[in-house]
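To start, the structure under review is shown below, and the notes come after it.
Below, all heavy atoms of this structure are taken into account, side chains as well, without hydrogens, waters or symmetry copies. A, B, ... follow the sequence lines: proteins, then strands. Residue 1 opens every chain. Remember, it's a predicted structure, so these values are computed and weren't measured experimentally.
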There are 2 protein chains.
Amino acid sequence: MVDRKGGPVTLRSIADQLGLHVSTVSRVLNGRDGDGVRAASGDTATRIRRLAAELGYRPDPHGRGLRTGRSELVGVLVPRLSDLVLAMIYEGIDEAAGELGLTTITANTLDDEQVRRQRTRMLLARRVDGLIFGDARLDSGFLDELAADGVRFVLVNRRADGHPSVTPDDRLGGRLAAEHLLGLGHTRVAVIGGEPFASTAVDRTAGFVEYYREHGAGDPVVLRSPFDTAGGRAAAEQALRRPDPPTAIFAVNDFAAIGALGAARDHGLQAGADIAIMGYNDTPLAAELPIPLTSVAVPMHEIGRRALELLTRSLAGEEVRSQRLAPTLVARASTGAG
Amino acid sequence: MVDRKGGPVTLRSIADQLGLHVSTVSRVLNGRDGDGVRAASGDTATRIRRLAAELGYRPDPHGRGLRTGRSELVGVLVPRLSDLVLAMIYEGIDEAAGELGLTTITANTLDDEQVRRQRTRMLLARRVDGLIFGDARLDSGFLDELAADGVRFVLVNRRADGHPSVTPDDRLGGRLAAEHLLGLGHTRVAVIGGEPFASTAVDRTAGFVEYYREHGAGDPVVLRSPFDTAGGRAAAEQALRRPDPPTAIFAVNDFAAIGALGAARDHGLQAGADIAIMGYNDTPLAAELPIPLTSVAVPMHEIGRRALELLTRSLAGEEVRSQRLAPTLVARASTGAG
DNA sequence: CTGAAAGCGCTTACAG
DNA sequence: CTGAAAGCGCTTACAG
């Protein structure tokens, strides 16, 4: 990106070396192939392209952005990037973005309303073309405000009413978990249901409970907890101390399930033999745990890709619709299967 | 960021509303406090600042970047963001960047030389001010080339000769692990040593082996493996099938240690009773596993923060020096301690 | 204390 | 087929 004389490679430096005008160079280098109208004669175009390639010309995004009003930047907000599920979804988003020449900027919001607002402002100040929220809350009006301001965005992983999203079909996922555990004969079951403000938690729990009710298998005990391992452990502790402890636990998240595994062990129970424990998301760790964890697999990478694609279509002015991707059950030793 | 008439808020729109010149507004809004020279009269400055705040003025980074040649963007390259260790380091980097008004852009390189080059070019095309590499390899000349081209960067987590870095003191960390296991009486030990191109793997292994030799406790068996759980499991399998299987295993990474935990279980061995297993990094999961994992704790967040600070000092033209942060041992049940 | 000008690199509608 | 101009929003050295 530096030419022989040490100056940066710009349209001007290319034009000067070729004795052409900067606008001609720009037209050629931006020419969409085969659109009928030619940007320059074949010979001129070839010379320009050759020199640009040779010098490693890369258009300055500042100049282009200032002129076009587009930054080719996409902001991605997540609760935490160190949450594996979000990290994998983000990798899908970033991969798809890269293929379209877009760059992503990510920000942690810690599921905190103030941080979310502050980070969104920061991203908007950077002039992102659009946003992807991985931290939508069912109990917040923030997204409605943003939409009213004309900000373009889509949601990923967690849905919220009235906004386009790409998520797992979590109700179905909850039903798959219930089908698995009820199929194994468990009628005294507990759900570690996550946080009530997240659609993932609510939908997975609802699908699970719904299935048990439909089959006349009674009402599962539902416990709320943070999505992490410590939260799962505490909730499982609580369930196991009941007078009628469950014989099976469904955690709406693998990390919470790992916590439940620990709690079971503390109670002298071996997962897969004395108690069935399962998670959700099928993170890479699930298969590799000392006692492999039954889980509901979700195409996280693909969900991320689709979210980015949905956003670009929305930015292009298209009306877009939410997408639910189907999960699948993966049975392993922690429920005595696999 | 949109004024009453719907147009964007710019220096010009503020200047016009106040009957001032755009340069005056710029001077005031960029005025470093108390630098002697005043950008405008107190009254004018107040009126400008008030209106800017009221309208939510945010300077357009395209305009500013075009003019100043600085983007206020920092590129961060890591093997994978879905690796928890890198995700936590990245969170530290991003936090420190935010405090300085910088924005980070991250990219996965998958520890692949071609991807690394391609992603670096992409970041440079975005005109980042500097780069942070979390994926340095001991066997690559790529960083030397970049430095020769005048690109500014620092390394994080993994070091490489001749370039400034912020890393754990991994040789010391390896020694701490050895001290712990030898202190428990283990003389037949195996090291799951990771990949030979990463300084983390090499230094941790070297520190461990060095300690055993210094104490006349013999030579540990050293196995190479990928840094993930599957790799750790395979390496542990190999160690346990030896005619003289180890009584203790040190994995240079928690995820590999979790794999070793699984392999031990397959062999009917209970970690902490029949065999001692420990990891490195003390990721949040370590404390929460069914059998809590002994590990060497590393200040990942702080390492990230320091790397960003080192880069900004380097960008300011300062000569910078590498930093090694001290790790600490955390003894838990997996080695029969804790 | 404030204004005016120049120019960073780019794209685009227009002229010839 | 190619050139010339305008202008996106900003900062900065200079003039008054």
Got a sec, which residues hit side chain to side chain donor-acceptor pair (under 3.5 Å) with [X], two or more places apart in sequence or on another chain?
X      : result
A:R80  : A:S82, B:E91
B:E319 : none
A:R306 : A:E302, A:Q323
A:D129 : A:S71

Filtered N/O pairs between nucleotides 6-8 of chain D and protein, under 3.5 Å:
unit_1	atom_1	unit_2	atom_2	d
D:dC8	O2	A:R67	N	3.4

Task: B:V22 or A:T24, whichever maps to the more 5' nucleotide of DNA chain C - done: B:V22

- [ ] With sequence neighbours excluded, tell me which residues meet salt bridge (Lys or Arg N to Asp or Glu O under 4.0 Å) with A:E95.
- [x] A:R305

Open item on the list: Could you work out, with salt bridge (Lys or Arg N to Asp or Glu O under 4.0 Å) as the rule, every residue matching A:R119, not counting sequence neighbours?
Closed with: B:D94

Task: Pairs flagged by salt bridge (Lys or Arg N to Asp or Glu O under 4.0 Å) wherever residues 145-157 of chain A is involved - sequence neighbours left out - done: A:R117-A:E145

Open item on the list: Let me check I have this right: for DNA chain D, each base becomes ., (, ), [, ] or |, based on Watson-Crick or G-U pairs with both distances under 3.5 Å. What is the full string?
Closed with: |||.||||||||.|||

- [ ] For A:H21, check ring pair (Phe, Tyr, Trp, His ring centres under 6.0 Å) against everything at least two apart and list the hits.
- [x] none

N/O to N/O distances under 3.5 Å, protein versus nucleotides 13-16 of chain D:
none

- [ ] Only pairs at least two apart or in different chains count here, so list each ring-ring contact (aromatic ring centres under 6.0 Å, His included) that has a residue in residues 105-150 of chain B.
- [x] B:F133-B:F153

Open item on the list: Among D:dC10, D:dT2, C:dC10, which nucleotide has an atom closest to any side-chain atom of A:L11?
Closed with: C:dC10

